[in-house]
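Naming convention: chains lettered A, B, ... in sequence-line order (proteins, then strands); numbering from 1 in each chain.
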Amino acid sequence: MSDIASFNALQLDAIKEVGNIGTGNAATALSGLLSRMIHMEVPKTEMVSIYELGEHYGDPLQIVGAVFVRSLGGFQCSLIFIQNEEDANLMVELLLKQQFGTFIPVGEIPQEMTDSALSEVGNIVLSSFLNAINMLLGTQHQISVPGVAHDMLSSILDVVASIYGQMGETALLVNTELRVEGLEEGRKISGHIILIPDPDALELLLKKLKVM
Amino acid sequence: MAENSIVLGMADLMVVPAPIKLITLGLGSCIGLVVYDSFAKVAGMAHIMLPNSRGLSASEKVGKFADTAVPAIIEEMLKKGATRTRIKAKIAGGAQMFALPGMSADFLTVGAKNVNETMARLRRMGIALVASDTGGNKGRTIEFSTSNWMLKVKTLGKGTNEI
């Protein structure tokens, strides 16, 4: 495995571009699901100390809704779709109203059902993100069933620390934000996609893109 | 006397004289290990991330791994006046934040491995583990008081458990 700290600007840029392609596809899929415009931020490639992951993404104690999937195909990575708890609730409400009509009593739906809706949103976003990357790299696309969690940000991000912690002290992440447009005044729904490439998969990615 | 508090970050390890409150926020698969000697009035906490330091350079923080954190914290306790036979331990954390049906990956079950390794290391050093709140799928925030030697464990949706 190559040392993360030794990547040059061109290589980091290539990783960012991969994130860009994934984000575009994820935004299109989410837009189709919700029938709304989706605004996407330009992705960032970030080297983050595994000791500061919690702080890096906001208040470590804030409650977030997160969907996690694992790529089992040629490009090995993990992906998290992470939202503030309120944003996740609004996203689920939007999806359920869209599917079943505006009179559905969203507040009375059991959590298993809303979690199922949330995991579906996450699954579609992350799977589209990954699919675009696999197309680009020519790697096989295979993805795990999604897992959902609602918890403190720093607890959720322990999973990143446990992937990168065994190799060193820095994680390389691709981070991007999607935002649903055209909501009622005062409402906002956004979500972060975090790509956590397996340390070994980075080399494959850079080789395929001919920057290594 | 009021207790000041210290918040430990990931992989931090600290031993302090009473009175002080030791806090770790948002433990997921990580472990909060507490050791104390109530007679010598000294206590320590470590925020352990992974079970095993194998294959890693010696420059890593000792608090990061169960196999290095346990011996280091006991040694520090002895230096600060604790007596080995009086040292007691409590642990919290080691949750599995995400379960992917039909899939078992090393990093998903790291919480349980952290618990097992920490307990095994304590046993090997002859340290009594007197209380634990581990496993499950929820994150925990912990506070250890050196005035009553109790560990408060807060879990989202489940309130506070004192062990």
Given side chains that start at C-beta, do those of [X] and [Y] come closer than 4.5 Å, heavy atoms only?
X       : Y        : answer
B:Leu25 : A:Pro60  : no
A:Arg70 : B:Leu108 : no
B:Asp12 : A:Tyr51  : no

Atom [atom1] of residue position [X] - does it have more than 12 heavy atoms of other residues, nucleotides or ligands inside 6.0 Å?
X        : atom1 : answer
B:Lys113 : NZ    : yes
A:Gln98  : CD    : yes
B:Lys154 : NZ    : no
A:Lys188 : NZ    : yes

| request: Identify the two heavy atoms, one from B:Phe98 and one from A:Gly147, that lie closest to each other, and give their separation to 0.1 Å. | output: CD2-O, 3.6 Å
Could you look at [X] and say if it's the side chain, the backbone, both or neither that has a heavy atom under 4.5 Å from chain A?
X        : result
B:Thr155 : neither
B:Asn137 : backbone
B:Leu156 : side chain

| said: Taking 4.5 Å as the heavy-atom cut-off, does anything in residues 110-121 of chain A contact chain B, and if so which residues? | reply: none
| task | Name the member of A:Val69, A:Val67, A:Ile156 that forms the most heavy-atom pairs with chain B at distances under 4.5 Å. | result |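 When all of A:Val69, A:Val67, A:Ile156 are compared, A:Ile156 has the most.
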Rounded to the nearest 0.5 Å, what separation is found between the [atom1] atom of [X] and the [atom2] atom of [Y]?
X        : Y        : atom1 : atom2 : answer
B:Met49  : A:Glu169 : CE    : CD    : 9.0 Å
B:Asn114 : A:Asp158 : CG    : CG    : 9.0 Å
A:Asp151 : B:Arg140 : CG    : CZ    : 9.5 Å
B:Met10  : A:Ser154 : CE    : OG    : 6.5 Å
B:Lys64  : A:Gln166 : NZ    : CD    : 7.5 Å

Which bit of [X] comes within less than 4.5 Å of chain B, counting heavy atoms only: side chain, backbone, both or neither?
X        : result
A:Leu153 : neither
A:Leu61  : side chain
A:Ile63  : side chain
A:Ser49  : neither

| task | For chain A, find which of B:Gly111, B:Gly139, B:Gly9 contributes the most heavy-atom pairs closer than 4.5 angstrom. | result |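 Of the options given, most contacts go to B:Gly139.
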